[in-house]
Peer 1: 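Structure provided below as structure tokens; questions to follow.
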Amino acid sequence: MTTHRPRIVDLSETKPNTRRGGDLRALLTPTAVGATSGFMGLAIIAPGERIGEHYHPYSEEFVYVVSGLLEVDLDDVTHPMRPDQGLMIPLNVRHRFRNVGDTEARMVFHLGPLAPRPELGHVDTEATEATEATAVPGGGPERSGAVS
């Protein structure tokens with residue numbers, strides 16, 4: 001068994017992932033810190049931007065809005081979210097986030113447990129502007145396994 005030491009990861013050490021819209025940064029992941037139960041990151045969403053609809057067949061997703069005004073669609077039902085609110089998204093619930101405010105929104109996300117393989121952890125159900133140039137026909141599952 002591998003033992004990992006605690007490690008602080010700075011946001012500047014992470015690479016932006018804009019494939020689904022927004023700027024998604026996976027900070028605490030199996031690769032970065034040896035996590036075995038899930039991963040955590042930050043979504044940075046500009047005014048008018050969205051994170052495209054998707055679902056997680058193996059993981060619950062926990063989100064916490066740090067700043068900005070968001071709307072989240074959960075299986076086609078829209079809910080407003082504001083700073084200091086959290087949400088747990090159950091397995092297989094389709095969801096998308098939209099920044100409906102006039103300032104940047106920041107949202108912490110955590111997914112767990114991990115999927116058996118990263119490419120199975122995330123299923124896109126729509127293309128976003130950022131994904132249309134690189135989208136797999138039919139949407140397809142995520143290849144990096146590390147985004148909300």
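Keep in mind that this is a model prediction, so the values were computed, not measured. Heavy-atom basis, side chains included; hydrogens, waters and symmetry copies ignored.
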Peer 1: I need the L74 CG to E53 CD distance, nearest 0.5 Å.
Peer 2: 10.0 Å
Peer 1: Heavy-atom distance under 4.5 Å between the side chains of Y58 and P113, does that happen here?
Peer 2: no
Peer 1: Do L70 and V77 sit in one hydrophobic cluster, given that two such residues count as connected whenever their side-chain heavy atoms are within less than 4.5 Å of each other, even indirectly?
Peer 2: no
Peer 1: Give a yes or no on whether the backbone of G52 and the side-chain of R96 come within a donor-acceptor separation of less than 3.5 Å.
Peer 2: no
Peer 1: Do V72 and V65 share a hydrophobic cluster (ILVMFWY, side-chain heavy atoms under 4.5 Å, transitive)?
Peer 2: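 Yes; tracing contacts between hydrophobic side chains, which count when under 4.5 Å, links both residues.
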Peer 1: Please enumerate all residues that pass side chain to side chain contact (heavy atoms under 4.5 Å, CB included) together with D10, with sequence neighbours excluded.
Peer 2: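 Residues passing side chain to side chain contact (heavy atoms under 4.5 Å, CB included) with D10: S12, E13.
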Peer 1: Rounded to the nearest 0.5 Å, how far apart are CD1 of I8 and CG of L28?
Peer 2: 10.0 Å
Peer 1: Please go through L69's hydrophobic cluster and name the other residues, only I, L, V, M, F, W, Y counting, with side-chain heavy atoms under 4.5 Å joining them.
Peer 2: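 Its cluster mates, by chain and number, are V100.
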Peer 1: Under the rule for salt bridge (charged side-chain N to carboxylate O under 4.0 Å, His left out), what residues qualify as partners of E49, not counting sequence neighbours?
Peer 2: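 Result, salt bridge (charged side-chain N to carboxylate O under 4.0 Å, His left out) vs E49: none returned.
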Peer 1: Report yes if some heavy atom in the side chain of Y55 is under 4.5 Å from a heavy atom in the side chain of T125; otherwise report no.
Peer 2: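 Side chain of Y55 against side chain of T125, heavy atoms only: contact under 4.5 Å found.
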Peer 1: Going by the angle between their ring planes, with limits at 30° and 60°, are F62 and H110 parallel, tilted or perpendicular?
Peer 2: tilted
Peer 1: Testing the basics here: between F97 and M107, what is the closest heavy-atom pair and its distance to 0.1 Å?
Peer 2: CE2-SD, 3.6 Å
Peer 1: Mind listing the closest non-hydrogen atom pair of G101 and P47 along with its distance?
Peer 2: O-CB, 3.5 Å
Peer 1: Considering only residues two or more places apart or on different chains, which pairs with a residue in residues 99-112 satisfy salt bridge (Lys or Arg N to Asp or Glu O under 4.0 Å)?
Peer 2: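 Every pair satisfying salt bridge (Lys or Arg N to Asp or Glu O under 4.0 Å) with a residue in residues 99-112: E104-R106.
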Peer 1: Contact between D23 and N17 at the side-chain level, heavy atoms closer than 4.5 Å - yes or no?
Peer 2: no
Peer 1: Search all heavy atoms of P30 against all heavy atoms of G38 and return the closest pair with its distance.
Peer 2: CD-O, 4.3 Å
Peer 1: Please check this pair: side chain of T29 against backbone of A32, looking for a donor-acceptor N/O pair closer than 3.5 Å.
Peer 2: yes
Peer 1: What residues form a side chain to side chain contact (heavy atoms under 4.5 Å, CB included) with S59, not counting sequence neighbours?
Peer 2: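 If we apply the side chain to side chain contact (heavy atoms under 4.5 Å, CB included) test to S59, skipping adjacent residues, the hits are H56, L111.
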Peer 1: Answer yes or no: is there a side-chain heavy-atom contact under 4.5 Å between I45 and R50?
Peer 2: no
Peer 1: Looking only at side-chain N and O atoms, does E61 offer a donor or acceptor that is under 3.5 Å from a partner on H95?
Peer 2: yes
Peer 1: By side chain to side chain contact (heavy atoms under 4.5 Å, CB included), which residues pair with P6, not counting sequence neighbours?
Peer 2: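 Residues passing side chain to side chain contact (heavy atoms under 4.5 Å, CB included) with P6: none at all.
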Peer 1: Would you be so kind as to tabulate the donor-acceptor pairs closer than 3.5 Å made by side chains of residues 78-92, with sequence neighbours excluded?
Peer 2:
unit_1: T78; atom_1: OG1; unit_2: D73; atom_2: OD1; d: 2.6
unit_1: D84; atom_1: OD1; unit_2: Y64; atom_2: OH; d: 2.7
unit_1: Q85; atom_1: OE1; unit_2: R82; atom_2: N; d: 2.9

Peer 1: Taking side chain to side chain donor-acceptor pair (under 3.5 Å) as the definition, give me every residue that meets it alongside E71, ordered by chain and number, with sequence neighbours left out.
Peer 2: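 E71 satisfies side chain to side chain donor-acceptor pair (under 3.5 Å) with R98 only.
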Peer 1: Please tell me if the side chains of D124 and R20 come closer than 4.5 Å, counting only heavy atoms from C-beta onward.
Peer 2: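 Sidechains of R20 and D124: in contact.
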Peer 1: Give a yes or no on this: more than 12 heavy atoms of other residues, nucleotides or ligands lie within 6.0 Å of atom CZ of R117.
Peer 2: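 Atom CZ in R117 is not packed in, count stays at 12 or less.
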Peer 1: Decide whether L24 and V9 are clustered together by the hydrophobic rule: side chain heavy atoms of Ile, Leu, Val, Met, Phe, Trp, Tyr closer than 4.5 Å, transitively.
Peer 2: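 No.
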Peer 1: Are I51 and V63 connected in a single hydrophobic cluster, I mean Ile/Leu/Val/Met/Phe/Trp/Tyr linked by side-chain heavy atoms less than 4.5 Å apart?
Peer 2: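 Both belong to a single hydrophobic cluster.
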